[in-house]
Amino acid sequence: MDVLELYRRTGALLEGHFLLRSGLHSPIFLQSAALLQHPFYAEAVGEALGKLFEDEKVDFVIGPALGGVVLSFVVAKALGARALFAEKDGQGGMTLRRGLTVNPGDRFLAVEDVVTTGESVRKAIRAAEARGGALVGVGAIVDRSRGEADFGVPFRALLKLEVPQYLPEACPLCRDGVPLEEV
């Protein structure tokens, strides 16, 4: 599967000057919601990501809301597991909504669309672990962490993409006056 081509085909590969959730700036942004809005492509991505973890017996798959909701669902479907999501708790962390069950010792896979620093998925992981879940792996559609994301468990992605990312004070796009877009 050519993941980058799916991003292009769905208009989800954006070029310009973007402020990432991590606070870094980048000339490229992957708008995964534009890709995952297409059920056929979402299911294909979910199946491909699920295959990377098919030997892990998982009870559930979790992703951070909002972007990880669809992804956790399609990966969970591929693995025959439950799909959960974590949402912001208003205090800088994430929590599981009441009614989403984690039994002590449940094995889980955490998923994210694009990992740069991994902070969003880490918050979802902490929410599941607080309920007794046992993390067995982390999956992403795209790893743009340059090998720096470490979760202490296997981390696998469908695509490793080296995209320039800059601290705001060292951003050449800012220096050149390219308007910054928040996404």
**Q.** Criterion side-chain contact (heavy atoms from CB on, under 4.5 Å) on Arg146 and Glu162, from CA distance to verdict
**A.** CA-CA 6 Å; Arg146 298 183 175 155; Glu162 295 221 7; 4.2 Å; yes
Q | Glu15/Arg8 ion pair, N-O < 4.0 Å | A | no
Q. Checking Asp89 side chain against Gln91 main chain: does a donor-acceptor pair fall under 3.5 Å?
A. yes
Q) Say you draw a straight line from CZ of Phe29 to CG of Leu19; how long is it, rounded to the nearest 0.5 Å? A) 9.5 Å
Q.
Using side-chain heavy atoms (C-beta onward) and a distance below 4.5 Å, is Leu24 in contact with Leu167?
A. yes
Q: Determine the minimum heavy-atom distance between Met94 and Pro64, stating which atoms define it.
A: CE-CB, 3.5 Å
Q | Arg144 side-chain N/O to Leu30 backbone N/O, donor-acceptor pair under 3.5 Å | A | no
Q.
Please check this pair: side chain of Ser26 against backbone of Pro164, looking for a donor-acceptor N/O pair closer than 3.5 Å.
A. yes
Q. Side chains of Val3 and Val45: closer than 4.5 Å at any heavy-atom pair?
A. no
Q. Which ILVMFWY residues can you reach from Ile125 by hopping between side chains whose heavy atoms are under 4.5 Å apart?
A. Phe60, Ile62, Val69, Leu84, Phe85, Leu96, Leu100, Val102, Phe108, Val115, Val121, Leu135, Val138, Phe151, Val153, Phe155
Q. Is the closest side-chain heavy-atom distance between Arg82 and Asp106 below 4.5 Å?
A. yes
Q) Nearest 0.5 Å, what's the CG-CZ distance between Asn103 and Arg131? A) 10.5 Å
Q.
For Cys171, is there any backbone N or O sitting under 3.5 Å from a side-chain donor or acceptor partner on His25?
A. no
Q: Taking Lys123 for its side chain and Lys88 for its backbone only, find out whether a donor-acceptor pair lies under 3.5 Å.
A: no
(Q) Pair Glu56, Leu109 - check side-chain contact (heavy atoms from CB on, under 4.5 Å), show working. (A) CA-CA 9 Å; Glu56 301 291 339; Leu109 172 67; over 6 Å; no
(Q) For Gly105 versus Ala134, what's the shortest heavy-atom pair and its separation? (A) O-CB, 4.4 Å
Q) Considering residues, nucleotides and ligands other than Glu182, do more than 12 of their heavy atoms fall under 6.0 Å from its CD? A) no
Q) Can you name the residues that form a side chain to side chain contact (heavy atoms under 4.5 Å, CB included) with Ala78, not counting sequence neighbours? A) Glu47
Q. Under the 3.5 angstrom rule, does the side chain of Arg156 hit a backbone N or O of Gly137 as a donor-acceptor pair?
A. no
